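Encoded as structure tokens, the structure appears first; notes follow it.
Sequence positions, counted from 1, serve as the residue numbers for this chain. In this text, all values refer to a predicted model and were calculated from it rather than measured experimentally.
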Amino acid sequence: MSPGERPPLNQRAVLSLGLGFIAFVLLVVEPFFSMILSLPALTIGVHSRIAIRASAGAERGFELAGIGIAMGSATLILSVVAVFLDLL
């Protein structure tokens, strides 16, 4: 890699962000499926942050994975509350 070249983006970080976003949008339509999508967003985000940290600068996307984790966590909490309230 040349000095001015940026390291490649970790694809799992992008996937985590995408799943978190889709789960958040799906929360309005169907909270149960949103809950199902938020779990992979969390796990993939955590694994991608571990991989990025272990790469020692060879990959980037640490922040994207963090946003995916945050969106997945928020969506999981909100969807559990929405499903619980729907059952009442």
Side-chain angles (χ1 to χ4, degrees):
M1 188 165 33
S2 57
E5 193 175 326
R6 294 170 52 168
L9 189 61
N10 186 300
Q11 295 301 310
R12 287 182 292 181
V14 176
L15 180 61
S16 172
L17 179 65
L19 285 174
F21 179 75
I22 291 170
F24 190 75
V25 170
L26 198 58
L27 181 63
V28 177
V29 180
E30 185 59 47
F32 182 74
F33 292 125
S34 176
M35 182 173 34
I36 291 173
L37 276 180
S38 64
L39 293 172
L42 281 168
T43 57
I44 292 171
V46 169
H47 287 286
S48 65
R49 284 184 81 143
I50 292 170
I52 292 167
R53 191 176 294 138
S55 73
E59 289 182 322
R60 60 188 175 96
F62 193 79
E63 296 83 10
L64 292 178
I67 295 169
I69 291 169
M71 289 183 77
S73 300
T75 304
L76 181 62
I77 292 168
L78 291 173
S79 63
V80 166
V81 169
V83 167
F84 178 71
L85 289 176
D86 192 39
L87 293 175
L88 291 180

Nearest heavy-atom pair of [X] and [Y]: which atoms, and what distance?
X: Ile36; Y: Pro40; result: O-CD, 2.9 Å
X: Ser16; Y: Gly45; result: OG-CA, 3.3 Å
X: Ala65; Y: Arg49; result: CB-CG, 3.4 Å
X: Pro8; Y: Ala58; result: CD-O, 3.2 Å
X: Ala23; Y: Ser34; result: O-OG, 2.6 Å
X: Thr75; Y: Gly20; result: OG1-O, 4.2 Å

As an exercise, state the distance from [atom1] of [X] to [atom2] of [Y], rounded to the nearest 0.5 Å.
X: Ser79; Y: Leu39; atom1: OG; atom2: CG; value: 8.0 Å
X: Leu15; Y: Ile22; atom1: CG; atom2: CD1; value: 9.0 Å
X: Phe21; Y: Leu37; atom1: CZ; atom2: CG; value: 12.5 Å
X: Glu30; Y: Asp86; atom1: CD; atom2: CG; value: 8.5 Å
X: Glu59; Y: Arg53; atom1: CD; atom2: CZ; value: 13.0 Å
X: Ile44; Y: Ile69; atom1: CD1; atom2: CD1; value: 11.0 Å

Should [X] and [Y] be counted in the same cluster of Ile, Leu, Val, Met, Phe, Trp and Tyr side chains packed under 4.5 Å apart?
X: Val46; Y: Phe24; answer: no
X: Val80; Y: Val28; answer: no
X: Phe84; Y: Leu27; answer: no
X: Phe32; Y: Leu42; answer: yes
X: Ile77; Y: Phe33; answer: no

Heavy-atom donor-acceptor pair, Ser55 side chain to Ile52 backbone, under 3.5 Å: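 Judged by distance alone, yes, a pair lies under 3.5 Å.
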Check: Ser38 side chain, Met35 main-chain N or O, donor-acceptor pair, under 3.5 Å: yes
Whether over 12 other heavy atoms sit under 6.0 Å from Phe62 CZ: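 Yes, CZ of Phe62 has more than 12 neighbouring heavy atoms, counting only those of other groups under 6.0 Å.
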Partner residues of Val14 under the side chain to side chain contact (heavy atoms under 4.5 Å, CB included) criterion, sequence neighbours left out: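 Testing Val14 for side chain to side chain contact (heavy atoms under 4.5 Å, CB included), a comparison that skips the adjacent residues, returns Leu9, Leu64.
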